Each structure stands twice: as structure tokens, then as C-alpha cells.
Amino acid sequence: MPETITILHNPRCSKSRQTLELLQSRDIELDIIDYLQTPPTQNELDKILNMLGLEPRELMRTKEPEYKLNKLDDPSLSRQQLISAMVNNPKLIERPIVINNNKAALGRPPEDVLEIL
């Protein structure tokens, strides 16, 4: 039985919608998580970052007002502090993120997620 593929999705984001449509057009069973309503936990986001091979700031939407408001450009902030900021302000998390069998891909562009299927 194939494992369900998860997408951390924001329905208001065009790239997220395009990625979702791409996956649905391939009849892939999806677990769709609106991550603004149900953000990942600190541990889940840490694991996702490891799967992506990224550091927290590389997955952050640095143009969001919350980034500046929370002074997240401060180089003294630890990985865990940055992850915590993303969990507490999920708008900061770049999207969409697709997870399949302990692999993850960022749908920017949407076709990039096909590499982990």
C-alpha cells in the first residue's frame, strides 16, 4: 500500500495551488494540510528542514512583515529560535512543501516536487 503524500498548502498561494493541481492530475493520494491553520510542530519543521537540506532562513519568507517585526535577521538567533518563530508565525514558511517517504521538496517551481515521487 503506497504511503500518502503530504502537501503543506496555502490555498491563497498560486504556486501552492499549481503544485496541488499537478499532483492531483497524477491521481496521487494526498494529505492536504493548510499549514496556516495547522502549522507543523517544532520537531516536524526541524525534520522537514533536514529533508529539504535547508537552514531555517532558507525556508523563510523574509519579505513578510513578521520577519522584520520579530527581528529574525539577527545573526545571533539559533536554529531552534528561528524554527520556533516559523511555527508561531506560519506565514513565514515558504510554500508549498511536499513530503513523500522521508523526502521533501519545495514546489518552487511546482515541477520540482516530481523529483521525490
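Keep in mind it's a predicted model, so treat the numbers as computed, not measured. Residue numbers start at 1 and run along the sequence shown.
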Query raised in the report: If you round to the nearest 0.5 Å, how far is CG of Leu106 from CG of Leu54?
Result: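 CG of Leu106 is found 7.5 Å from CG of Leu54.
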Requested in this report: Could you tell me the separation between the NZ atom of Lys103 and the CG atom of Leu117, rounded to the nearest 0.5 Å?
Outcome: 8.5 Å
Going by heavy atoms in the side chains, are [X] and [Y] under 4.5 Å from each other?
X     : Y      : value
Arg95 : Tyr35  : yes
Lys15 : Arg108 : yes
Ile5  : Glu29  : no
Leu8  : Ile93  : no
Met60 : Leu72  : yes
Leu20 : Pro96  : no
Ile97 : Ile7   : no
Leu45 : Leu59  : yes

Hey, does the side chain of [X] reach the backbone of [Y] with a donor-acceptor pair shorter than 3.5 angstrom?
X      : Y      : value
Glu58  : Glu55  : yes
Asp46  : Gln42  : no
Arg17  : Arg12  : yes
Gln81  : Ser78  : yes
Glu115 : Ala105 : no

Query raised in the report: Looking at Leu92, Leu69, Asn70, which one forms a side-chain contact (heavy atoms from CB on, under 4.5 Å) with Glu64?
Result: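 Testing Glu64 for a side-chain contact (heavy atoms from CB on, under 4.5 Å) against Leu92, Leu69, Asn70 leaves exactly one candidate, Leu92.
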Query raised in the report: Where do Leu22 and Arg26 land on the side chain to side chain contact (heavy atoms under 4.5 Å, CB included) test, with the steps shown first?
Result: CA-CA 7 Å; Leu22 177 66; Arg26 294 169 181 265; 4.0 Å; yes
Query raised in the report: Should we say atom NZ of Lys68 is surrounded by more than 12 heavy atoms from elsewhere, each under 6.0 Å from it?
Result: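 12 or below, so no.
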Query raised in the report: Taking atom types as modelled, is there a side-chain donor on Ser76 or Asp74 under 3.5 Å from an acceptor on the other?
Result: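 Checked: Ser76/Asp74 side chains pair up, N/O donor to acceptor below 3.5 Å.
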Query raised in the report: Under a 4.0 Å N-O cut-off, is there an ion pair linking Glu44 with Lys47?
Result: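 No salt bridge links Glu44 with Lys47.
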Report task. Run the salt-bridge test on Arg57 and Asp73 with the 4.0 Å N-O cut-off and return the result as yes or no. Result ->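 Not counted as a salt bridge, because no side-chain N and carboxylate O are separated by less than 4.0 Å.
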Requested in this report: Just do the side chain to side chain contact (heavy atoms under 4.5 Å, CB included) check on Thr4 and Leu30 with the steps written out, would you?
Outcome: CA-CA 6 Å; Thr4 301; Leu30 293 169; 5.5 Å; no
Does [X] belong to the same Ile/Leu/Val/Met/Phe/Trp/Tyr cluster as [Y], with side-chain heavy atoms less than 4.5 Å apart forming each link?
X      : Y     : value
Val87  : Leu49 : yes
Ile83  : Ile99 : yes
Leu114 : Ile32 : yes

Report task. Test side chain to side chain contact (heavy atoms under 4.5 Å, CB included) on Leu36 and Lys91 and set out the steps. Result -> CA-CA 7 Å; Leu36 294 177; Lys91 276 178 67 175; 3.9 Å; yes
Query - Thr6 and Ile33: CA distance, side-chain angles, deciding distance, side chain to side chain contact (heavy atoms under 4.5 Å, CB included) verdict - result: CA-CA 7 Å; Thr6 300; Ile33 298 173; 3.6 Å; yes
